[in-house]
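Below: one structure, written as structure tokens.
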Amino acid sequence: MAPAVLIEHLKKSYGTVEAVKDVSLQVESGEIFGLLGPNGAGKTTTLRCLCTLTEPDAGAIEVSGVSAIDNPRLARQKLGYVAQEVAIDKVLTGRELLQLQAALYHLPRAFAKERIDSMLKLLALQDYADKKSGTYSGGLKKRLDLAAGLLHQPDVLVLDEPTVGLDIESRSAVWDFLRQIKAQGTTVLLTSHYLEEIDILADRVAIIDRGKVIACGTPSELKDKVGGDRITLRIREFAPVEEAEKARSVLQDLPAVQEVIINSAQGNSLNLVVSPQSNALSAVQQALQAAGLPTFGIAQARPSLDDVYLAATGRTLLDAEIAAASTRDEKKERKQNMR
Amino acid sequence: MSTTLSPSQTSLKNAEPTSNPFGEFLQETGALARRLFIQLQRRPSTLAAGIIQPLMWLILFGALFQNAPAGLFGNDISYGKFIGAGIIVFTAFGGALNAGLPVMFDREFGFLNRLLVAPLASRYSIVAASAIFIATLSLIQTAAIVVMSAFLGAGLPGIPGLAVMTFIVLLLVLGVTALSLGLAFSLPGHIELIAVIFVTNLPLLFASTALVPLSFMPGWLQWVASLNPLSYAIEPIRYIYLHQDWSLASVVMQAPFGEVTMGAALAVLIGFALVSLLLIQPRLRRSLA
Ligand SMILES: Nc1ncnc2c1ncn2[C@@H]1O[C@H](COP(=O)(O)OP(=O)(O)OP(=O)(O)O)[C@@H](O)[C@H]1O
Ligand SMILES: [Mg+2]
């Protein structure tokens with residue numbers, strides 16, 4: 001059977017900005033697949049190409065074996081797309097929006113009515129169905145948007161940052177919803193820059209950075225692959241580079257320590273990869289003391305997806321976000337992305 | 001939910017996607033038009049303003065030229081009688097010119113993505129829905145103007161005359177709506193679209209026969225006005241208003257390049273609508289990158 005989504009060597013530039021350099025991924029039918037990456041990594045661009053909103057410069061895209069480039073109409077039928085920004089018509093009621101959506105997907109009338117009722121119920125929107133959606137809270141709007149995306153029973157539901165900006169309650173409602181539709185056999189492809197979200201939700205994840213897939217697998221596979229435990233160490237709140245370098249050379253020689261990375265974006269803190277179940281923590285502390293270096297803070301943890309990202313790129317997701325935030329022209333992109 | 005849905009689920013999945021393209025086109029067009037009418041119904045002030053404005057034109061323009069020498073606009077024709085056709089066409093034109101604005105706002109708010117990711121039978125359904133909406137509004141406005149003109153003493157055309165007037169308004173609205181939507185898909189934002197509407201609207205009015213007959217104009221303007229599609233909508237309607245007897249062979253306009261008959265004017269309008277629709281095809285087709 002063809003995979004639910006197959007993307008091969010996707011490329012898309014906006015002028016001189018290479019939004020997507022080389023993205024290949026394969027989403028199997030029935031799984032929740034997460035696309036994790038910092039701001040500006042190319043997640044939205046990838047999804048827009050998949051959903052036929054943007055024409056890729058190169059690459060192949062298939063939805064259940066149907067080429068989205070050669071046969072966009074059929075691909076559109078198989079996809080449900082919930083965009084990063086909620087797009088509803090404030091003047092319409094929730095039910096009217098779903099009725100419009102049903103007609104755009106050519107659902108037969110009787111079927112549409114039944115389906116709309118059940119989607120309203122599934123997303124606990126019955127009480128609001130006949131109120132103008134302009135009066136909805138953020139969480140309600142998102143739920144309506146989800147209902148619209150799923151209304152025509154797509155093979156694959158594509159969600160761009162479905163929980164961004166939602167409160168904790170709404171967020172976990174979305175998670176429950178996604179698990180529920182997965183249980184009913186719908187394939188889910190979502191993007192996120194929340195590590196926990198992907199960790200909790202996704203069966204498999206592709207980590208994407210600067211337009212490229214840098215790692216792909218199940219979350220535990222990826223974490224195992226990076227191996228070792230993590231120690232985050234701060235010599236001082238803001239350590240000078242020379243001091244961090246000195247600490248690194250001291251610590252690198254310890255038998256329990258596999259790798260030391262200096263994180264310049266976090267005040268030259270040190271990220272250590274150490275053998276699990278070793279007494280690395282105390283060994284590190286002793287070595288620092290012997291070298292006459294202070295310890296501002298130290299903590300040991302199992303590797304996270306962030307460590308996967310760190311190992312591949314030399315920076316953490318958060319740092320990447322901060323760096324990206326300063327280089328983006330949000331307004332310009334919004335304009336260009338608006339169709 | 002799974003229990004209630006599974007039976008119909010299979011039936012839907014088996015449906016051929018291109019089973020009935022025309023039926024699908026009608027379905028999506030109807031739904032898109034319905035949205036526009038719901039919006040209008042919930043914002044009735046737009047409709048009220050749209051009816052009051054042309055009526056005020058009618059009264060004000062009529063009053064403005066009340067003391068013009070008798071016979072200036074033709075034998076036994078008051079300016080009030082003369083101007084009705086101009087206002088009908090100008091009003092329909094203005095409405096259609098604005099048709100792109102809601103689409104532009106949909107683009108800016110991301111709502112258009114909802115339409116573009118859907119397996120529409122044709123994106124012309126977006127054009128068709130807007131055209132149906134604007135045409136309905138224009139016909140309501142036209143009816144108001146016709147009734148008001150009758151009260152002001154301009155008389156009332158017969159049924160065939162009204163039918164031809166309706167046809168003319170529909171053709172004009174279709175062509176201009178298509179162009180406006182083409183702009184809405186092409187221009188960067190609503191500011192630019194409003195600017196284009198602004199610089200198009202009044203100049204096209206003044207460079208047409210809406211306010212004065214062709215014979216009043218200097219030569220160059222006569223040329224411009226007789227190449228302006230608006231004149232081809234105005235002159236036939238005016239002729240119907242001013243003559244009991246008319247046919248497709250009636251000469252409705254003395255253009256610098258020759259006589260234009262009623263039939264020729266209608267042909268020009270049909271051509272205008274078709275060319276507009278063809279012109280925007282690439283914009284609609286293109287994956288909007
Ligand atoms: N329409 C556009 N015009 C110009 N540049 C664009 C456009 N859309 C995206 N970009 C650029 O392409 C890159 C990838 O953007 P994209 O929106 O795909 O990232 P993302 O991973 O979705 O980020 P975020 O997490 O902020 O949503 C960014 O550098 C962005 O500035
Ligand atoms: Mg994005």
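Naming convention: chains lettered A, B, ... in sequence-line order (proteins, then strands); numbering from 1 in each chain.
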Please output the side-chain donor-acceptor pairs of residues 125-141 of chain B that fall under 3.5 Å, not counting sequence neighbours, one pair per line with the distance.
from, atom 1, to, atom 2, distance (Å)
S125(B), OG, E28(B), OE2, 3.1
S125(B), OG, S122(B), O, 2.8
S130(B), OG, I126(B), O, 3.2
T136(B), OG1, I132(B), O, 2.7
S138(B), OG, I134(B), O, 2.9
Q141(B), NE2, G50(B), O, 2.8

Considering only distance and modelled atom types, tabulate donor-acceptor pairs under 3.5 Å from the side chains of residues 169-183 of chain B, sequence neighbours left out.
from, atom 1, to, atom 2, distance (Å)
T177(B), OG1, V173(B), O, 2.6
S180(B), OG, L97(B), O, 2.7
S180(B), OG, G100(B), N, 2.8

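Summarising the local packing, CH2 of W57(B) is surrounded by 12 or fewer heavy atoms from other residues, nucleotides or ligands at distances under 6.0 Å. In Y128(A), the OH atom is not crowded: 12 or fewer heavy atoms of neighbouring residues, nucleotides or ligands sit closer than 6.0 Å. Within 6.0 Å of the CZ atom in F37(B), the count of heavy atoms belonging to other residues, nucleotides or ligands exceeds 12. Other residues, nucleotides and ligands contribute at most 12 non-hydrogen atoms within 6.0 Å of the NZ atom of K113(A). Heavy-atom contacts from other residues, nucleotides or ligands closer than 6.0 Å to NZ of K182(A) number more than 12.
Scanning all heavy atoms of the two residues, the minimum distance from A87(A) to G110(B) falls at CB-O, 3.4 Å. Nearest heavy atoms, F111(B) versus L100(A): CZ-CD2, 3.9 Å.
No other option in G30(B), G23(B), A121(B) has as many heavy-atom pairs under 4.5 Å with chain A as A121(B).
Of the two parts of Q101(A), only the side chain, counted from C-beta on, holds a non-hydrogen atom closer than 4.5 Å to a non-hydrogen atom of chain B. Both the backbone and the side chain of I88(A) have a heavy atom closer than 4.5 Å to some heavy atom of chain B.
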- Task: Output, in order, the C-alpha distance, side-chain angles, deciding distance and verdict of side chain to side chain contact (heavy atoms under 4.5 Å, CB included) for T93(A) and R42(B).
- Result: CA-CA 11 Å; T93(A) 67; R42(B) 303 210 171 131; 4.0 Å; yes
- Apply side chain to side chain contact (heavy atoms under 4.5 Å, CB included) to L120(B) and R76(A), showing your working. CA-CA 9 Å; L120(B) 298 182; R76(A) 285 178 196 135; over 6 Å; no
- Message: Assess the residue pair Y81(A) and L116(B) against the criterion (side chain to side chain contact (heavy atoms under 4.5 Å, CB included)); give the C-alpha distance rounded to whole Å, side-chain angles, the decisive distance to 0.1 Å, and a yes or no.
- Response: CA-CA 10 Å; Y81(A) 177 58; L116(B) 299 183; over 6 Å; no
- Item | side chain to side chain contact (heavy atoms under 4.5 Å, CB included) between D145(A) and R114(B), intermediate numbers included | CA-CA 10 Å; D145(A) 212 8; R114(B) 195 179 282 292; 2.6 Å; yes
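Here the straight-line distance linking atom CD of Q27(B) with atom CZ of R109(A) works out to 8.0 Å at 0.5 Å rounding. Atoms CG and CD, from N113(B) and Q84(A) in turn, are 11.5 Å apart once rounded to the nearest 0.5 Å. A distance of 4.5 Å separates CD in E24(B) from NE2 in H106(A), rounded to the nearest 0.5 Å.
With a 4.5 Å cut-off on side-chain heavy atoms, L92(A) and I38(B) count as touching. With a 4.5 Å cut-off on side-chain heavy atoms, L104(A) and L32(B) count as touching.
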